[in-house]
Amino acid sequence: MKYSTKVSDAVHILAFIQLNPVDSLSSSRIAESIRTNPGCVRQLMSALRKAGLLSSVKGHPRPALAKEPSAITLLDVYKAVEGDKALLHLDTHTNPECGVGIYIQLSLQDYFDQVQKTAEEEMKHITLQDILDRYQEKIFNLSEKRRISL
């Protein structure tokens with residue numbers, strides 16, 4: 001089963017742009033960091049641009065955040081690249097003649113909806129700035145561990 005990494009990759013793109021404000025950032029350069037193809041990066045950047053999170057001009061490798069990192073939430077990014085796609089999905093291929101096959105899916109949907117609502121509420125409170133701050137903490141902690149072990 002394949003799962004989507006669009007949100008992760010979109011956050012990576014936004015962070016990469018914020019952390020490299022003076023560099024030339026072509027879709028090829030960003031794609032190297034994510035280990036994907038430039039077409040995938042362009043698709044995600046297009047979605048981020050349409051959502052008002054990113055500004056860029058075609059043919060100019062100087063994308064920029066359209067808002068401050070503290071004003072971009074994880075929910076904004078999720079909605080930009082996934083739309084209204086749910087986090088959890090029912091198995092729609094169960095046997096329709098089986099009572100469990102039908103009713104367990106209907107029962108499970110209630111809980112999946114609850115999980116979606118809770119996750120979205122949490123994502124509203126996590127900003128790109130929070131993620132960048134955690135990124136800096138991780139780098140600092142790693143460098144401290146290396147320094148101590150030397």
Side-chain angles (χ1 to χ4, degrees), residues 1-94 104-105 107-150:
M1 181 180 339
K2 181 138 171 67
Y3 51 88
S4 175
T5 60
K6 287 180 181 180
V7 173
S8 175
D9 291 346
V11 169
H12 186 133
I13 289 167
L14 294 171
F16 196 80
I17 290 167
Q18 181 66 18
L19 295 167
N20 296 283
V22 296
D23 293 344
S24 176
L25 298 177
S26 66
S27 56
S28 295
R29 171 110 190 275
I30 296 169
E32 286 175 22
S33 179
I34 299 174
R35 286 197 165 167
T36 190
N37 66 66
C40 178
V41 169
R42 285 189 294 273
Q43 269 186 333
L44 290 171
M45 288 177 73
S46 174
L48 293 168
R49 209 172 22 257
K50 287 177 186 170
L53 304 178
L54 186 66
S55 64
S56 64
V57 177
K58 192 173 184 172
H60 297 280
R62 297 252 186 236
L65 301 185
K67 299 179 177 182
E68 289 297 317
S70 59
I72 298 173
T73 69
L74 194 53
L75 183 61
D76 294 332
V77 177
Y78 173 77
K79 292 291 187 181
V81 298
E82 294 289 4
D84 291 324
K85 185 177 179 184
L87 292 169
L88 302 171
H89 306 277
L90 295 176
D91 179 356
T92 58
H93 302 292
T94 57
I104 198 68
Q105 298 301 320
S107 299
L108 193 54
Q109 184 63 58
D110 294 340
Y111 292 105
F112 281 9
D113 291 345
Q114 181 181 338
V115 168
Q116 183 78 31
K117 183 178 178 186
T118 302
E120 287 187 15
E121 189 58 39
E122 285 296 313
M123 286 190 283
K124 283 181 189 175
H125 302 289
I126 300 167
T127 68
L128 180 59
Q129 188 62 57
D130 295 328
I131 295 166
L132 292 169
D133 291 345
R134 180 72 52 94
Y135 165 85
Q136 293 296 337
E137 282 176 31
K138 299 281 184 187
I139 288 174
F140 177 78
N141 290 338
L142 182 60
S143 66
E144 279 296 301
K145 285 181 186 177
R146 286 184 179 159
R147 188 183 61 75
I148 291 169
S149 67
L150 296 176

For L25 against R29, the heavy-atom pair lying closest together: CD2-NH1, 3.4 Å

Pair K79 + D84: basic N to acidic O under 4.0 Å: yes

Cut-off 3.5 Å, no hydrogens considered: what does the side-chain donor-acceptor table look like for residues 4-11, sequence neighbours left out?
| residue | atom | partner | partner atom | Å |
| --- | --- | --- | --- | --- |
| S4 | OG | K6 | N | 3.2 |
| S4 | OG | E82 | OE2 | 2.5 |
| T5 | OG1 | D9 | OD2 | 3.3 |

Qualifying residues under side-chain hydrogen bond (donor to acceptor under 3.5 Å, both in side chains), relative to D23, sequence neighbours excluded: none

Value rounded to 0.5 Å, distance of CG in L65 from CD in Q18: 4.5 Å

Stepwise side-chain contact (heavy atoms from CB on, under 4.5 Å) test for Q114 and Y111: CA-CA 5 Å; Q114 181 181 338; Y111 292 105; 3.7 Å; yes

Heavy-atom side-chain contact between L75 and Y78 under 4.5 Å: yes

Show me the donor-acceptor pairs, under 3.5 Å and distance only, between side chains in residues 32-39 and residues at least two apart or in other chains.
| residue | atom | partner | partner atom | Å |
| --- | --- | --- | --- | --- |
| S33 | OG | H12 | NE2 | 2.6 |
| N37 | OD1 | G39 | N | 3.0 |
| N37 | OD1 | C40 | N | 2.8 |

Shortest non-hydrogen separation from L19 to Q136 and the atoms involved: CD2-NE2, 4.0 Å

Closest non-hydrogen atom pair, A15 against L128: N-CD1, 4.3 Å

Partners passing side-chain contact (heavy atoms from CB on, under 4.5 Å) against E122 (at least two apart in sequence or in another chain): none

Minimum heavy-atom distance between I17 and A64, given as atom pair plus value: CG2-CA, 3.8 Å

Exercise: do Q105 and Q109 side chains pair donor with acceptor under 3.5 Å: no

Short side-chain to backbone donor-acceptor contact, D130 and T127, under 3.5 Å: yes

Whether over 12 other heavy atoms sit under 6.0 Å from H125 NE2: yes

Spacing of NZ belonging to K117 relative to CD belonging to E121, to within rounding of 0.5 Å: 8.0 Å

Inter-residue atom distance K138.NZ - S143.OG, 0.5 Å rounding: 13.0 Å

Minimum-distance pair of heavy atoms, taken over all atoms of D76 and A71: OD2-O, 3.6 Å

Residues in side-chain hydrogen bond (donor to acceptor under 3.5 Å, both in side chains) contact with R49, at least two apart in sequence or another chain: S56

Residues in side-chain hydrogen bond (donor to acceptor under 3.5 Å, both in side chains) contact with E137, at least two apart in sequence or another chain: none

Under 3.5 Å: donor-acceptor pair, side chain of N20, backbone of F16: yes

Gap between atom OG of S24 and atom NE2 of H60 - 0.5 Å precision: 11.5 Å

Min side-chain heavy-atom separation L88-L108 under 4.5 Å: no

Distance, nearest 0.5 Å, that separates CE of M123 from OG1 of T118: 10.5 Å

Sidechain-backbone polar pair: S46 side chain, R42 backbone, donor-acceptor under 3.5 Å: no

Donor-acceptor under 3.5 Å (Q116 side chain, L87 main chain): yes

Taking every non-hydrogen atom, the tightest pair across A66 and G52: CB-O, 3.3 Å

Point-to-point distance, once rounded to the nearest 0.5 Å, from CG of L48 to CG of L14: 5.0 Å

